[in-house]
Asker: 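Could you have a look at this structure, given as structure tokens, before my questions?
Note that the structure is a prediction, hence the values are computed from the model and not measured.
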Amino acid sequence: MTSPWITTPITADLLRGALELERTEHGVLPHRLPARARAQCTDPQLAMVESQPSGVRLVFRTRATAVALDALRTKRTYVGAPPRPDGLYDLVVDGRPTARGSVPDGNTVTVDMTTGTAEHRPGPPGTVTFTDLPEGLKTIEIWLPHNETTELVALRTDAPVEPAPDPGRRVWLHHGSSISHGSDAASPTGIWPAHAASLAGVELINLGFGGSALLDPFVARAIRDTPADLISLKIGINLVNHDVMRLRAFTPAVHGFLDTIRDGHPTVPLLVVSPILCPIHEDTPGPSAPDLTGLAEGRLRFRPMGDPEDLTPGRLTLRVIRDELAAIVAQRAPEDPSLHYLDGLTLYGERDATTLPLPDDLHPDAETHRLMGERFANRVFTAEGAFAP
């Protein structure tokens, strides 16, 4: 008996939100940085997170009522920490969230934060299946897990598929830290940039990299070379919690980052967003580190390792960074009228911390992601905002 499934090769014209596809022994691996940038990256943290497809989705037109996606995931677990939930795939049909699923099996990387070691255990690909879809021609989006490296093996349907036509919407490229990447969001469409993009009706390219928004020049060049109608940069928290530079280096690094982007996008609306509230680093310099005493109790939290009494000139705190970013934008704006600034405290501030505290003292929870997405859309994409229609 003939199988009802039609297998369609996964190619770049079926994917949105990825900058490059790498062919692997299993299928294709979406990347959020191009090969040139990856070649200049020596940090395993950034190599890991750019391969996690936050904001990447399969998009196609079809009459199929059943869709199966074979994928090989790489899931990370941490010794002593609570089990991490499986990465989720969000199904959106004609713009409406419809179903959600996950892929079983796959590779597992177990990280021991007390020793800095990791153990890799290989596993087989798995399948997420969506059935009982509406009859008739429709646009299907499958948003890939934002927190698992995902190799796409095969797309199978019970009717032919074709790439979805260009919707003609503006493309918004956003760069930020793990908060933009989606840490502790409920699902890939629940991360705050994805929620904001949905509310604003724009196409998202999410270059939020967990622990890795560090003003790297190769990231600026990737943004410069990527077509986009709108660009936002959320800068600050990783520079503090890695303690990578002082104010003397920070200011010219921000100018250089903006200069590089402007080389490729001279007039595109460009929004600089300062950090949201993070009480442990408002006035305390970095670095920050996992609280290993909490791991024994089955919970993961972060604590500042810097000294709040350290007044060494140029030490970066979030308060210092907000002031400096505002000053940089104010200095450049007269010659760059499409450059704008947004105070991150308008997305999540002191009043919010009372009702929606950061669960691990660093990352917002799922409810806060939705709140931030709504606030960003209402402030930035409206008639008076930086990304006004």
Side-chain angles (χ1 to χ4, degrees), residues 43 45-46 49 78 80-82 84 111 113-114 116 147 176-185 191-192 208-215 233-247 249-250 254 272-326 342-372 375-376:
D43 179 14
Q45 171 71 17
L46 179 54
V49 296
Y78 295 86
R84 295 171 66 86
V111 179
M113 288 187 288
T114 63
N147 52 3
S177 68
S178 58
I179 298 170
S180 300
H181 186 139
S183 289
D184 293 339
I191 64 176
W192 79 260
F209 300 128
S212 302
L214 296 170
L215 298 175
L233 311 170
K234 194 166 178 300
I235 299 169
I237 183 62
N238 288 159
L239 297 164
V240 173
N241 60 28
H242 283 290
D243 193 29
V244 294
M245 61 177 64
R246 301 291 183 264
L247 187 60
F250 172 75
V254 173
V272 175
V273 187
S274 65
I276 66 170
L277 184 82
C278 181
I280 65 173
H281 280 308
E282 288 299 310
D283 297 294
T284 301
S288 54
D291 184 350
L292 299 181
T293 61
L295 289 179
E297 302 169 10
R299 59 183 176 85
L300 178 60
R301 303 188 77 126
F302 292 85
R303 61 189 178 95
M305 304 296 289
D307 181 359
E309 302 301 320
D310 183 356
L311 301 179
T312 302
R315 289 300 297 268
L316 293 182
T317 66
L318 297 187
R319 203 179 304 275
V320 169
I321 283 177
R322 288 191 201 97
D323 290 345
E324 191 65 13
L325 288 176
L342 178 68
D343 186 344
L345 296 179
T346 64
L347 302 178
Y348 178 87
E350 290 187 11
R351 183 175 299 179
D352 302 306
T354 302
T355 56
L356 293 168
L358 304 176
D360 61 2
D361 297 316
L362 195 59
H363 302 102
D365 61 11
E367 183 178 354
T368 306
H369 270 277
R370 293 193 64 82
L371 176 66
M372 289 175 58
R375 287 178 173 175
F376 190 90

Asker: Rounded to the nearest 0.5 Å, what's the gap from CG on D243 to CZ on R315? Could you check?
Answerer: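 Here the rounded value is 4.5 Å.
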Asker: What do the steps show when you test F250 against L215 for side chain to side chain contact (heavy atoms under 4.5 Å, CB included), and what is the final call?
Answerer: CA-CA 9 Å; F250 172 75; L215 298 175; 4.2 Å; yes
Asker: Looking only at atom types and distance, does a side-chain atom of N238 sit under 3.5 Å from a main-chain N or O of S212, one as donor and one as acceptor?
Answerer: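 It does hold such a pair.
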Asker: So, for L345 and R322, which heavy atoms are closest and what is the spacing to 0.1 Å?
Answerer: CD2-NH2, 3.5 Å
Asker: Which value, rounded to the nearest 0.5 Å, describes the distance between L325 atom CG and L233 atom CG?
Answerer: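 Separation between the atoms: 9.5 Å.
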Asker: For T284, does its backbone N or O pair with a side-chain atom of T317 as donor and acceptor, under 3.5 Å?
Answerer: no
Asker: Check the pair K234 / F376 against side chain to side chain contact (heavy atoms under 4.5 Å, CB included), numbers first and verdict last.
Answerer: CA-CA 12 Å; K234 194 166 178 300; F376 190 90; over 6 Å; no
Asker: Distance check, rounded to the nearest 0.5 Å: M372 atom CE versus I276 atom CD1?
Answerer: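 Here the rounded value is 4.5 Å.
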Asker: Inspect the surroundings of CZ in R246 and state if more than 12 heavy atoms from other residues, nucleotides or ligands are less than 6.0 Å away.
Answerer: yes
Asker: So which atom in S274 and which in G344 form the shortest heavy-atom distance, rounded to 0.1 Å?
Answerer: OG-N, 2.9 Å
Asker: What is the minimum heavy-atom distance between I237 and S177, and which atoms define it?
Answerer: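 The pair with the smallest heavy-atom distance is CG2-OG, 3.4 Å.
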Asker: Should T346 and R375 count as side-chain neighbours, where that means a heavy-atom distance under 4.5 Å?
Answerer: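 When only atoms from C-beta onward are counted, R375 and T346 do not touch, as no gap falls below 4.5 Å.
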Asker: Nearest 0.5 Å, please: how far is CG in L318 from CG in L239?
Answerer: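 So the gap between those two atoms works out to 10.0 Å.
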Asker: Is there a side-chain contact between L358 and P364 (heavy atoms, below 4.5 Å)?
Answerer: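 Yes, their side chains come closer than 4.5 Å.
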Asker: Has the side chain of H363 got a donor or acceptor atom that lies under 3.5 Å from a matching backbone atom of G182?
Answerer: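 A pair under 3.5 Å: no.
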Asker: Indicate yes or no for a side-chain donor-acceptor contact from E282 to the backbone of L277 under 3.5 Å, with no hydrogens or angles considered.
Answerer: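 Between the backbone of L277 and the side chain of E282 there is no qualifying donor-acceptor contact (under 3.5 Å).
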Asker: Closer than 3.5 angstrom, by distance alone: can the side chain of D352 be matched with the main-chain N or O of G349 as a donor-acceptor pair?
Answerer: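 Checking the backbone N and O of G349 against the side chain of D352, a donor-acceptor pair under 3.5 Å is found.
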Asker: Quick check: does any side chain N or O of R370 sit under 3.5 Å from a backbone N or O of A185, one acting as donor and the other as acceptor?
Answerer: no
Asker: Applying side chain to side chain contact (heavy atoms under 4.5 Å, CB included), run through I280 and R303 and close with a yes or a no.
Answerer: CA-CA 7 Å; I280 65 173; R303 61 189 178 95; 5.8 Å; no
Asker: Would you name the heavy atoms of G210 and H181 that are closest together and state the gap between them?
Answerer: N-ND1, 3.1 Å
Asker: Search all heavy atoms of I321 against all heavy atoms of G236 and return the closest pair with its distance.
Answerer: CD1-O, 3.6 Å
Asker: Judged by atom type as modelled, is there a donor-acceptor pair below 3.5 Å linking the side chain of Y348 to the main-chain atoms of L371?
Answerer: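 No; judged by distance alone, with no hydrogens or angles, the pair does not exist.
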Asker: Can you tell me how far CD1 of I191 sits from CD1 of I179, rounded to the nearest 0.5 angstrom?
Answerer: 12.5 Å
Asker: Whether D361 and R301 form a salt bridge (side-chain N of Lys/Arg under 4.0 Å from carboxylate O of Asp/Glu) is what I want to check.
Answerer: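 Yes, this pair counts.
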Asker: How close do H369 and D184 get, heavy atom to heavy atom, and via which atoms?
Answerer: CD2-C, 4.2 Å
Asker: How long is the span from the CG atom in D360 to the OG atom in S183, to the nearest 0.5 Å?
Answerer: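 Rounded to the nearest 0.5 Å, the CG-OG separation comes to 8.0 Å.
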Asker: Please determine whether side chain to side chain contact (heavy atoms under 4.5 Å, CB included) holds for the pair V273 and I235, giving the CA-CA distance in whole Å, both sets of side-chain angles, and the decisive distance to 0.1 Å.
Answerer: CA-CA 6 Å; V273 187; I235 299 169; over 6 Å; no
